[in-house]
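Letters go in sequence order (proteins before strands), and every chain restarts at 1. Here the structure is a predicted model, which is why all the values come from computation and not from measurement.
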Number of protein chains: 2
Amino acid sequence: MSSSVPIGTVSRETGIKVPTIRYYEEVGLLPSPARTDSNRRSYDAAAVQRLRFIRHARELGFEVEAIRQLLTLSDQPDRSCAEVDGIARSHLKEIDEKIARLTALRQEVQRMVDEGAHGRVAECRVIEVLGDHTACLHDAH
Amino acid sequence: MSSSVPIGTVSRETGIKVPTIRYYEEVGLLPSPARTDSNRRSYDAAAVQRLRFIRHARELGFEVEAIRQLLTLSDQPDRSCAEVDGIARSHLKEIDEKIARLTALRQEVQRMVDEGAHGRVAECRVIEVLGDHTACLHDAH
DNA sequence: CCTACATCCTCTAGTGACTAGAGGATCAAG
DNA sequence: CTTGATCCTCTAGTCACTAGAGGATGTAGG
């Protein structure tokens with residue numbers, strides 16, 4: 001079966017560069033994989049999926065520490081409720097804020113595309129839309 | 001009027017550290033502000049708003065080059081339609097993908113909070129939800 | 001079996017985007 | 001007119017990668 005692939009294949013499948021995969025192992029985001037007789041890393045499907053998760057989470061602006069916590073949720077689903085709940089809730093808040101800001105930005109960029117199609121971009125308010133509209137998300141609560 | 005504040009005040013108002021503000025100036029995200037007689041930077045309201053935009057955009061995972069482009073949209077609203085439209089559209093796509101992934105992640109983390117409240121977190125699928133569900137967003141044109 | 005070339009290994013160093021600190025000038029309060 | 005906060009520039013450190021040197025191992029063709 002192919003549930004034991006070398007690092008290059010994993011790199012191609014996930015879009016994460018080889019040295020970066022080794023880096024994630026070094027900093028503890030990815031468990032050290034099994035090694036072949038000749039000391040080469042060999043990954044299973046779970047590792048590939050974990051890497052894909054890490055990549056998307058990074059692209060969404062979560063920092064490594066936040067990803068570590070989200071992965072902890074996943075690694076220990078039978079963990080004490082309070083702890084998991086706390087971590088999950090705080091990230092839920094972070095995620096909601098990100099979605100709200102992105103939605104605001106999306107709307108404004110969409111407006112520009114629409115107006116641009118009609119011949120002229122009257123005014124651009126991308127700055128305003130993230131600049132203060134969403135600032136209240138921080139203070140509100 | 002207060003439309004001329006020093007860097008420390010701007011830092012407090014935006015939550016961006018003083019050296020970072022100077023860094024943004026250095027790399028051209030923020031125009032060099034006016035200086036006082038004693039060579040100190042003095043910022044107007046527009047600069048503060050621009051910095052807030054930069055901060056939020058960074059938190060959302062946009063890299064400096066993307067932010068530079070979005071700021072360009074804002075700086076030159078009467079620019080040639082095609083160019084603005086192209087930049088805007090490509091970012092619209094990027095934004096939509098981010099929103100889709102965040103929404104998927106949000107749903108899963110919410111589920112964990114809900115189940116956690118009921119006493120047990122059966123399984124955690126945060127990895128799966130970003131790991132491949134959204135992978136098709138990449139390929140699906 | 002042997003060459004050739006890709007892929008792997010470790011290790012060191014470089015990049016992008018900050019962030020902290022040294023050393024010194026300037027301002028505002030008492 | 002001193003004291004403490006804030007500013008200046010400049011250099012160096014951090015985080016999260018990313019590239020490259022130098023060498024071992026694997027796979028395919030002759």
Side-chain angles (χ1 to χ4, degrees), chain A residues 2 4-44 47-48 50-71 94 98 130, chain B residues 2-44 47-48 50-72 94 98 130:
Chain A
S2 74
S4 206
V5 286
I7 200 166
T9 308
V10 174
S11 173
R12 251 165 274 125
E13 281 176 17
T14 60
I16 301 176
K17 292 177 180 150
V18 169
T20 307
I21 296 173
R22 292 197 271 248
Y23 169 76
Y24 286 149
E25 179 184 339
E26 194 184 303
V27 298
L29 281 189
L30 192 67
S32 301
R35 298 278 185 140
T36 65
D37 292 349
S38 58
N39 199 35
R40 294 176 176 212
R41 292 167 178 83
S42 94
Y43 296 92
D44 58 11
V48 173
R50 193 178 179 98
L51 279 168
R52 259 200 272 266
F53 172 82
I54 294 170
R55 174 167 163 245
H56 290 313
R58 289 287 305 141
E59 282 173 7
L60 291 171
F62 291 96
E63 45 195 53
V64 164
E65 187 48 40
I67 296 172
R68 205 188 304 277
Q69 288 186 7
L70 288 168
L71 286 172
E94 191 182 348
K98 280 177 192 286
L130 276 194
Chain B
S2 74
S3 74
S4 205
V5 287
I7 200 167
T9 307
V10 173
S11 173
R12 251 165 275 127
E13 281 176 17
T14 59
I16 302 176
K17 291 179 181 151
V18 169
T20 307
I21 296 172
R22 292 197 272 245
Y23 169 76
Y24 285 149
E25 180 184 338
E26 193 184 303
V27 299
L29 281 189
L30 192 67
S32 301
R35 298 278 184 139
T36 66
D37 292 349
S38 57
N39 199 35
R40 295 176 174 211
R41 290 167 178 85
S42 93
Y43 296 92
D44 58 11
V48 173
R50 194 178 177 98
L51 279 168
R52 259 200 273 267
F53 172 81
I54 294 170
R55 175 167 160 243
H56 291 313
R58 289 288 304 141
E59 282 172 9
L60 291 170
F62 290 96
E63 43 196 53
V64 165
E65 188 46 40
I67 296 172
R68 205 188 303 277
Q69 288 186 6
L70 287 169
L71 286 172
T72 303
E94 192 183 347
K98 280 177 192 284
L130 275 194

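- Remark: Ile7(A), Gly8(A) in residues 7-17 of chain A come within less than 4.0 Å of DNA chain C through at least one heavy atom.
- Put simply, CZ on Phe62(B) and CD on Glu94(B) are 5.0 Å apart, with the number rounded to the nearest 0.5 Å.
- Shown here are the salt bridge (charged side-chain N to carboxylate O under 4.0 Å, His left out) partners of Arg50(A), two or more places apart in sequence or in another chain: Asp75(A).
- Between Val64(A) and Arg58(A), the closest side-chain pair of non-hydrogen atoms falls below 4.5 Å.
- For Asn39(A) and dG23(D), the CG to P distance is 18 Å, given to the nearest whole Å.
- Counted by atom type alone, Ser42(B) and Ser4(B) present one or more donor-acceptor pairs between their side chains at under 3.5 Å.
- Thr9(B) is linked by a side chain to side chain donor-acceptor pair (under 3.5 Å) to nothing, counting only residues two or more places apart in sequence or in another chain.
- Residue contacts shown for Arg41(B) are limited to sugar-phosphate atoms, with no base heavy atom under 4.0 Å away.
- Of the residues in residues 23-36 of chain B, those with a non-hydrogen atom less than 4.0 angstrom from any atom of DNA chain C are Tyr23(B), Tyr24(B).
- Reading DNA chain C from its 5' end, the first and the last nucleotide to sit under 4.0 Å from a heavy atom of chain A are dT7(C) to dT10(C).
- Across every non-hydrogen atom of Leu51(A) and Ile16(A), the tightest pair is O-CD1, 3.3 Å.
- Heavy-atom distances to DNA chain C give each of Val64(B) and Ser38(B) a nearest nucleotide, and the one nearer the 5′ end belongs to Val64(B).
- Counting only residues at least two apart or in different chains, salt bridge (charged side-chain N to carboxylate O under 4.0 Å, His left out) contacts with residues 5-18 of chain B are absent.
- Annotation for Pro6(A) and Tyr43(A): closest pair C-CD1, 4.4 Å, computed over non-hydrogen atoms.
- Note on Arg58(A): only backbone sugar-phosphate atoms sit closer than 4.0 angstrom, heavy atoms only; bases stay farther off.
- Of all the heavy atoms in Leu29(B) and Leu71(B), the pair that sits closest is O-CD1, 3.7 Å.
- When the nearest nucleotides of DNA chain D are assigned to Pro19(A) and Asp37(A) by heavy-atom distance, the more 5′-ward of the two goes with Pro19(A).
- Side-chain contact between Thr14(A) and Ile54(A) is absent, with no heavy atoms from C-beta onward closer than 4.5 Å.
- If you take CD of Glu65(A) and P of dA16(D), they are 9 Å apart, rounded to a whole angstrom.
- In this structure, Thr20(A) does not reach the dC17(D) phosphate: none of its side-chain N or O atoms is under 4.0 Å from OP1 or OP2.
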In a table with atom names and distances, give each donor-acceptor pair under 3.5 Å that connects a side chain of residues 20-28 of chain A to protein atoms at least two apart or in another chain.
residue	atom	partner	partner atom	Å
Glu25(A)	OE1	Arg41(A)	NE	2.8
Glu25(A)	OE2	Ser32(A)	OG	3.3

Provide a list of protein-nucleic acid N or O atom pairs under 3.5 angstrom, restricted to nucleotides 27-29 of chain D.
none

